[in-house]
Structure formats: structure tokens, C-alpha cells
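Residue indices begin at 1 and follow the sequence shown. Whatever order the structure lists ligands and atoms in, that order sets their numbers, starting from 1.
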Amino acid sequence: MVHWTDAEREAINTFWAKIDHEEVGHQALTRVLVVYPWTQRYFSTFGNLSNATAIAGNPKVRAHGKRVLDALGDAITHLDNVSATYAKLSQLHSEKLHVDPENFRLLGETLIIVLAGQFGAAFTPAIHATWQKFLAVVIAALSKQYH
Ligand code: HEM
């Protein structure tokens with residue numbers, strides 16, 4: 001089981017409370033789709049993803065970004081039980097959506113970049129490290145049902 005110190009729990013929860021799910025989710029997902037364009041193939045039902053402007057203005061990308069961030073909230077409220085919390089979601093991404101789990105890492109990376117951009121110096125190295133750990137736990141949990 002992952003061990004979280006009080007300082008880590010505090011760093012995750014304090015920052016989480018400041019995050020606008022729709023905006024941050026939208027920006028992180030937009031960056032994944034622009035910076036790693038092969039990820040677009042999973043979203044063939046989303047309409048126009050033909051360039052960075054189209055992706056950023058696509059309402060389905062915005063809605064889905066919020067959905068992903070809302071799901072991260074489930075992990076935050078179950079920090080000691082992320083694997084079980086994400087068991088069904090992992091199964092969905094593996095068996096139904098066939099998302100290569102490497103892509104979870106890419107989304108984690110763009111999320112960190114968006115948080116750094118939004119919060120600047122307040123996103124201190126210590127808070128960055130804690131978020132990196134949190135996302136590693138999320139990625140491991142989402143990757144768990146892959147065989
Ligand atoms: C759907 C969460 C990463 C591709 C979903 C849903 C959630 C979610 C909550 C909706 C599930 C449902 O319909 O019940 C997450 C989280 C991620 C993550 C928490 C990582 C932190 C990714 C990545 C990709 C991806 C990296 C692909 C590059 C998809 C697709 C759908 C989906 C294609 C279905 C979209 C639709 O047709 O509406 N995800 N996801 N996900 N996810 Fe993820």
C-alpha cells in the first residue's frame with residue numbers, strides 16, 4: 001500500500017481545492033492531443049481535431065477534460081484505495097477503449113505542466129514532487145487491469 005505523509009495529503013488536497021476541473025482538464029487534454037497527436041485516434045467521435053485551434057475550441061474535448069479531472073477527484077477522496085477505486089475505469093480503458101497505458105503517463109505530464117503554468121511559484125518543487133507521486137499512483141491503478 002502507498003504511504004502518504006500528512007504533508008503529502010495536505011499538498012494534494014490544498015491544491016485540489018484550488019483547481020478548476022473544467023479549465024485544467026480542458027487544457028491538459030488539449031495539450032495531450034496537440035503534443036502527442038497519435039492520441040487523437042482514440043477520440044474519433046469527437047469531431048474536428050485537425051489542428052491546435054480546433055482541438056482547443058472543441059466542446060467535446062472540454063467536456064471530456066472535465067470528466068477526467070472529476071475522476072481524479074475520486075482518487076483524491078480515496079487516496080488509500082486508488083486501485084480499487086479505479087478498477088472499473090482501468091477495465092474500461094483496457095478492454096473497451098484499448099487505450100495504450102503509456103498514454104496515461106502523457107496525460108499526467110501535461111497536467112503537471114498546466115498546474116505549473118497556472119500556479120507558478122506556488123507550485124513549489126515539494127508540491128510538484130507530491131503531485132508526481134499522486135499521478136504515478138493514479139497511472140499504476142489505471143494500468144492494473146491490463147493483461
Ligand atoms: C473515457 C478517466 C486517461 C481515453 C473516460 C472516462 C473517464 C476517464 C472517467 C468516462 C468513463 C465512462 O464513460 O464511464 C480518465 C482518467 C485518465 C484518463 C482519470 C488519466 C488520468 C485517458 C487517456 C486516453 C483516454 C490518456 C487516451 C489517450 C479515453 C476515451 C474515453 C475515455 C477514448 C471514451 C470517451 C468517449 O467516447 O466519451 N476516461 N481517462 N483516457 N477515456 Fe479516459
Side-chain angles (χ1 to χ4, degrees), residues 1-4 8-119 123 125-147:
M1 197 178 105
V2 184
H3 176 72
W4 300 100
E8 286 172 334
R9 289 178 195 276
E10 164 79 13
I12 292 170
N13 284 303
T14 308
F15 249 78
W16 183 248
K18 296 181 191 167
I19 290 175
D20 177 334
H21 294 198
E22 182 173 341
E23 197 47 40
V24 169
H26 173 241
Q27 287 188 23
L29 185 58
T30 294
R31 280 181 191 261
V32 163
L33 292 166
V34 173
V35 179
Y36 308 108
W38 60 86
T39 58
Q40 293 168 19
R41 76 179 187 81
Y42 297 112
F43 299 96
S44 55
T45 61
F46 277 26
N48 188 0
L49 301 173
S50 57
N51 57 61
T53 311
I55 292 168
N58 184 312
K60 289 196 170 164
V61 172
R62 178 171 283 277
H64 193 64
K66 179 175 185 304
R67 211 168 176 197
V68 169
L69 263 275
D70 287 346
L72 279 186
D74 294 340
I76 286 174
T77 45
H78 299 95
L79 268 187
D80 294 314
N81 210 359
V82 178
S83 280
T85 305
Y86 276 166
K88 280 216 173 94
L89 203 53
S90 175
Q91 201 174 9
L92 179 84
H93 283 81
S94 162
E95 292 171 18
K96 185 152 176 253
L97 301 170
H98 306 293
V99 171
D100 183 332
E102 169 65 9
N103 293 308
F104 300 142
R105 202 180 60 74
L106 301 179
L107 186 63
E109 186 186 287
T110 60
L111 180 63
I112 290 284
I113 288 168
V114 170
L115 293 179
Q118 278 212 353
F119 293 100
F123 193 63
I127 291 173
H128 181 169
T130 304
W131 271 81
Q132 202 76 36
K133 175 176 168 181
F134 168 63
L135 290 171
V137 170
V138 163
I139 291 161
L142 281 175
S143 304
K144 209 160 177 185
Q145 301 300 320
Y146 282 74
H147 305 291

Participant: Starting from atom 28 (C) of ligand 1, locate the nearest protein heavy atom and write down its residue, its atom name and how far away it is, to 0.1 Å.
Facilitator: Y42 CD1, 3.6 Å

Participant: Return the minimal non-hydrogen interatomic distance between L72 and L111, and the atom names on each side.
Facilitator: CD1-CD2, 3.6 Å

Participant: Using a 4.0 Å cut-off to any heavy atom of N103, which atoms of ligand 1 qualify?
Facilitator: 26 (C), 28 (C)

Participant: Run through the protein N/O/S atoms less than 2.8 Å from atom 43 (Fe) of ligand 1 and write them out by chain and number.
Facilitator: H93 NE2

Participant: Just by modelled atom types, is the N48 backbone N or O under 3.5 Å from a matching donor or acceptor in the N58 side chain?
Facilitator: yes

Participant: With heavy-atom distances below 4.0 Å as the criterion, list the atoms of ligand 1 near L142.
Facilitator: 16 (C), 17 (C), 20 (C), 21 (C)

Participant: If you measure from atom 36 (C) of ligand 1 to every heavy atom of Y86, W38, F43, F46, which option wins on shortest distance?
Facilitator: F46

Participant: Donor-acceptor pair, distance only, cut-off 3.5 Å: does the side chain of Y146 make one with the backbone of H93?
Facilitator: yes

Participant: Looking only at the side chains, is there a donor atom on one of Q91 and Y86 sitting less than 3.5 Å from an acceptor on the other?
Facilitator: no

Participant: Looking at W4 and L79, would you say the former's side chain and the latter's main chain have a donor-acceptor pair under 3.5 Å?
Facilitator: yes

Participant: Is there a donor-acceptor pair under 3.5 Å between the side chain of S90 and the backbone N or O of Q145?
Facilitator: yes

Participant: For E23, is there an ion pair with K66 - N to carboxylate O distance below 4.0 angstrom?
Facilitator: no

Participant: State plainly whether the residues R105 and D100 are in salt-bridge range, i.e. N to O under 4.0 Å.
Facilitator: no

